[in-house]
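Below you'll find the structure, written out as structure tokens, and then a few comments.
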Amino acid sequence: MKRIQIILAFVLLVAPPVARSLWFYQGVYQRSQPVATPEYGSIQVPVPPVNSEFEGSQPAEDQAVAQNAAGKTTTVVVDAGHGNLYALSEIQPLTDAISRNGGKLVIADALNPSLPQYKAADAYLVIAPAAGFAIEEIAAVQNLVRQGGRLVVMVDPTRNGGSSQYSAEAGPLNAVSIANQLLEPFGLAFSDDYLYNLTNNEANFRNIRLSNFAANPATEGLNEVIFYSALSLSAAPQALIRGNEETLSSLTDQGGMLAVAGSDLQGRVLALGDISFMTVPYIQVAGNSRLVENLAAFLTSGPRDHGLADYPYLFRNPVKFLMPEGGKVSAGKTAALGLIHTSLGVEAGALAVVSEPAAGIDLVVPATYSEAQGAGLETALKGFDLEFKEADSGMGGGFLTTSPEAMQKWMESLTETPEAGAIENLLEALPTEESGMGDQAGEEDSAWLGTVKVPGFGTIDANGNGLILLERSSERTLLALLAGSTDALQELAGLVNSGDLSSCAVLDRTAVCPLSPASDTGGY
Amino acid sequence: MTETTQKQTGWSVWGVLVLLIPLAMGLGLAALIPRPVIGVIALDDAIYSTTAQAMIDQITYARQHPEIRAVVLVLNSPGGTVTDTEAVYLELARLRESKPVVTMIEGMAASGAYYLTVGTDYAFAEPSSTVGNVGVIGYTPEYPIIMDDVYSTGPYKLWGEPRDQFMREIEMLKQGFLRAVLLGREKSLKVGSDVILRGQVWTGADAVRLGLIDALGSQSRALDKAAALAHVAHYRVLDLSEATGTTPPTGEPAFFYHSQDGRMTPYPEKQGFYMLYIPPTEKQP
């Protein structure tokens with residue numbers, strides 16, 4: 001009995017805690033595996049690839065030295081007039097490279113054909129514009145490229161207006177749409193996106209590694225470049241640098257070898273969707289510095305074929321005046337020389353005269369029509385294929401005229417009563433068979449009357465018309481200023497000196513400028 | 001007869017006493033066995049020094065109190081600073097060595113808050129919750145300059161570090177975040193790192209489909225799951241902020257940037273590294 005009581009007592013003692021335990025606790029928590037946390041110490045700061053492009057042969061530097069030795073200079077106009085979202089100090093690696101390549105940098109507010117910077121421009125560099133281009137500017141850029149100049153347009157998704165640190169106020173246009181105004185005529189266009197690569201990048205998904213290059217001078221010598229924020233090109237006749245399949249566009253989250261740099265068909269226009277690669281410190285990464293050198297070489301590689309409208313920015317060599325030996329220089333011609341020399345600017349140096357063309361110099365030939373037909377200048381002006389036809393003295397005319405003003409004056413002269421002695425004066429002034437064309441010294445100050453047939457233009461009246469002719473070859477540039485008399489030549493020089501040829505009929509390499517027709521001295 | 005009755009009665013009284021005493025003692029012993037507690041730690045704010053310290057206090061409390069058999073982390077947070085997030089994450093890892101932790105996402109567990117989520121044993125979310133946003137953000141330091149009236153002993157004494165270094169450190173922090181996700185969700189993830197690192201936010205339903213969390217559910221289900229993982233039943237729920245006396249901060253001016261008109265923006269006040277989701281609702285300050 002006692003035994004039962006003891007057992008019962010034990011059960012009563014144990015049962016409540018056991019029951020409570022079982023009520024609340026149905027097992028013991030035990031982890032199946034230890035809690036794992038990242039080994040933070042093993043995570044390394046990513047290191048950028050070392051720039052090895054300048055090791056060894058330094059090809060870009062060599063090229064720069066070679067170009068400098070040739071003595072050629074090209075003028076690269078850097079746009080700074082369209083709210084551009086960059087500081088000049090940021091692109092110093094590029095501007096330094098341009099200078100090393102013999103390029104002359106001009107920072108310009110605008111690119112209007114009437115402005116000196118446009119006339120001088122061989123290449124135009126536009127970076128992250130935030131203000132739109134005028135229609136005239138777009139046309140001017142197209143003309144520049146058509147004449148063989150170079151155009152480089154660069155934008156960057158971090159400099160696209162709006163949220164950029166450089167522009168708190170977002171305008172209706174962003175840099176991409178403004179840049180496309182310039183690029184679309186050449187078949188190029190930027191996308192308003194950014195590119196990223198989540199799996200193979202340089203320290204950040206937006207820093208894309210690029211190793212797909214098309215064969216092109218701009219990509220010469222490149223194995224890899226890294227763009228630290230880039231956008232893609234939606235249209236490019238030639239894609240020069242492409243991302244890989246893992247490089248995606250933010251617009252679509254799709255890849256497909258997207259282009260970040262491209263050019264037009266002629267290879268004169270370059271569009272790059274990044275600026276960062278040429279800034280410090282990223283220029284030191286991979287082949288970025290080589291790309292900057294290539295870019296500078298591209299900008300300085302295409303001396304533009306300047307037309308007469310670009311005067312005085314026509315010359316690439318030292319400029320000298322060609323004056324035939326033994327010819328007299330009248331006061332009027334001296335004045336013309338002075339005016340032309342002044343118009344050439346300080347870079348022309350001291351006034352220098354040569355009697356014969358020579359290698360390595362560009363020539364300016366100021367001459368009257370009668371001088372132009374003389375032996376001293378005939379060779380130099382041969383390339384213009386001018387045909388001079390002396391006026392029929394018996395008819396007092398009989399020539400074609402392309403000058404409306406001259407034509408009108410001539411018509412008036414037929415209907416008006418000539419002043420007393422005018423006919424006599426005219427007959428006196430006309431060249432005779434004896435004096436003819438041979439006695440140029442004697443005719444230095446008198447007008448040569450006749451017509452000049454100008455290829456591509458027609459036949460012009462020598463009296464009242466001046467000619468400006470441009471001939472360019474790989475060896476030299478020759479500019480000829482021809483007029484009927486030294487007075488007319490002086491007037492033509494004054495016109496050139498003013499830099500305003502708007503009154504002239506200007507073709508690419510020929511300009512016909514109306515001058516005051518000879519009246520008394522000319523003998524009309 | 002009377003003697004016999006008395007003997008029998010005496011036996012009965014003694015017998016009853018013999019039984020009652022152990023029963024009373026047994027009941028007393030049973031009363032000493034605590035009812036299991038599921039602790040609740042709620043975060044309805046960004047993760048920064050104040051909120052992180054409050055969470056760490058509660059985690060420590062849970063770890064030190066044996067009656068707390070599991071913890072449910074109730075999150076509604078866009079994340080916060082990297083250092084504070086990592087501090088809470090590591091405290092959670094230590095707690096999980098002895099007790100299971102379940103996350104209940106109510107509203108949002110983005111960026112740093114998702115970092116905490118992957119550091120728990122099981123994660124629920126409401127279907128429309130915002131989940132994910134894996135990654136790190138930071139505002140680059142200023143370009144170093146020198147000032148006329150301030151002298152320092154090195155170029156980065158005043159500015160911390162070069163801007164390029166800042167970018168690389170962000171990448172390093174991102175790698176830490178990614179590893180935490182892969183470790184925490186390795187068995188259930190149905191997408192690769194390339195998808196996770198996009199920094200995208202998903203709804204709770206999508207997050208379940210992608211394996212970023214375990215199930216859709218409510219707080220009561222999270223509590224039940226925590227209890228099940230801890231092998232307890234008939235638990236009591238304890239708000240650990242009350243137990244520790246850590247009340248949510250009021251009028252905290254430190255973390256978010258306030259615009260000039262006094263409005264609180266979703267942008268952090270200070271420069272630094274953040275695991276923070278900033279909804280694209282307004283312009284940066």
Side-chain angles (χ1 to χ4, degrees), chain A residues 1-2 4-6 8-32 34-48 162-163 165 168 170 196-199 201-207 228 246 248 253 280-282 284-285, chain B residues 11 15 18-36 69-70 86 89-90 92-94 96-100 119 162 164-165 167-180 182-184 186 193-194 197-199 229-235 283-284:
Chain A
M1 191 66 188
K2 256 186 178 179
I4 292 171
Q5 280 182 327
I6 290 169
L8 209 56
F10 180 76
V11 169
L12 288 172
L13 176 70
V14 172
V18 169
R20 185 174 168 91
S21 293
L22 291 175
W23 178 252
F24 289 135
Y25 304 98
Q26 296 153 356
V28 178
Y29 172 70
Q30 199 166 11
R31 295 202 64 83
S32 57
V35 177
T37 55
E39 291 179 24
Y40 293 103
S42 67
I43 303 171
Q44 302 289 321
V45 175
V47 179
S163 61
Q165 58 176 311
Y196 67 92
N197 189 324
L198 287 168
T199 52
N201 55 47
E202 204 289 278
N204 193 270
F205 75 109
R206 70 183 193 180
N207 305 338
Y228 290 79
E246 296 168 336
L248 312 179
D253 291 328
V280 176
Y282 306 121
Q284 297 159 355
V285 172
Chain B
W11 240 110
V18 164
L19 293 177
L20 281 178
I21 289 169
L23 179 62
M25 288 173 68
L27 289 172
L29 282 173
L32 291 175
I33 295 172
R35 184 180 179 186
R69 309 300 290 196
E86 286 177 347
Y89 172 83
L90 292 173
L92 280 174
R94 194 174 171 202
R96 287 171 62 210
E97 288 171 1
S98 56
K99 297 166 188 185
D164 181 66
Q165 179 71 12
M167 174 187 78
R168 296 177 193 286
E169 286 180 357
I170 270 199
E171 180 68 9
M172 194 175 74
L173 296 172
K174 181 207 78 176
Q175 289 295 343
F177 197 160
L178 177 64
R179 290 189 191 187
L182 296 177
L183 281 171
E186 63 177 336
S193 303
D194 56 330
L197 290 178
R198 287 158 60 96
L229 288 174
H231 304 291
V232 297
H234 308 104
Y235 55 84
K283 286 183 180 178
Q284 291 190 18

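Each chain gets a letter, A, B and so on, in the order the sequences are listed, and its residues count up from 1. Everything numeric in this text was worked out from a predicted model, so none of it was measured.
For B/R168 and B/D164, the salt-bridge test passes: some basic side-chain N is under 4.0 Å from an acidic carboxylate O. A salt bridge links B/E171 with B/K174: at least one charged nitrogen is closer than 4.0 Å to a carboxylate oxygen.
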Using side-chain contact (heavy atoms from CB on, under 4.5 Å), reason through B/L29 and B/I33 one step at a time and then give a plain yes or no. CA-CA 7 Å; B/L29 282 173; B/I33 295 172; over 6 Å; no
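Heavy atoms of B/F177 lying under 4.5 Å from chain A are absent altogether. Looking at B/P162, there are no atoms closer than 4.5 Å to chain A (heavy atoms on both sides), in backbone or side chain. A/E246 does not touch chain B: none of its heavy atoms, backbone or side chain, sits under 4.5 Å away. Of the two parts of B/I21, neither the backbone nor the side chain holds a non-hydrogen atom closer than 4.5 Å to a non-hydrogen atom of chain A. With a 4.5 angstrom heavy-atom cutoff, A/Y40 touches chain B only via side-chain atoms. With a threshold of 4.5 angstrom between heavy atoms, B/L19 approaches chain A through its backbone and through its side chain. Of the two parts of A/V11, neither the backbone nor the side chain holds a non-hydrogen atom closer than 4.5 Å to a non-hydrogen atom of chain B.
For the set B/A24, B/P36, B/G119, B/A70, the entry with the most heavy-atom pairs within less than 4.5 Å of chain A is B/P36. Contact tally against chain A (heavy-atom pairs below 4.5 Å) for B/M25, B/E169, B/R179, B/E97: the top residue is B/R179. In terms of heavy-atom pairs under 4.5 Å with chain B, the best-connected choice from A/Y29, A/F10, A/Y282 is A/Y29. Looking only at heavy-atom pairs under 4.5 Å with chain A, the residue among B/R94, B/M167, B/E86, B/Q165 that has the most is B/M167. Between chain A and the residues B/G184, B/S98, B/S193, B/G28, the most heavy-atom pairs under 4.5 angstrom are made by B/S98. Counting heavy-atom pairs closer than 4.5 Å to chain A, the top residue among B/H234, B/R96, B/M172, B/R198 is B/H234. Chain B forms more heavy-atom pairs under 4.5 Å with one residue of A/G27, A/A15, A/P34, A/A19 than with any other, namely A/G27.
Side-chain atoms of A/Q5 and B/P22, non-hydrogen and from C-beta on, never get closer than 4.5 Å to each other. Residues B/L23 and A/L13 are not in side-chain contact: their nearest non-hydrogen atoms beyond the backbone lie 4.5 Å or more apart.
Checked by atom type, the side-chain pair A/N197/A/T199 shows a donor-acceptor distance below 3.5 Å. Judged purely by distance below 3.5 Å, without hydrogens or angles, the side chains of A/D253 and A/Y196 pair a donor atom with an acceptor atom.
Atoms CG and CD, on B/L173 and B/Q175 in that order, are 10.0 Å from each other to the nearest 0.5 Å. Between the CD atom of A/E39 and the CG atom of B/L183 there is a distance of 9.0 Å, given to the nearest 0.5 Å.
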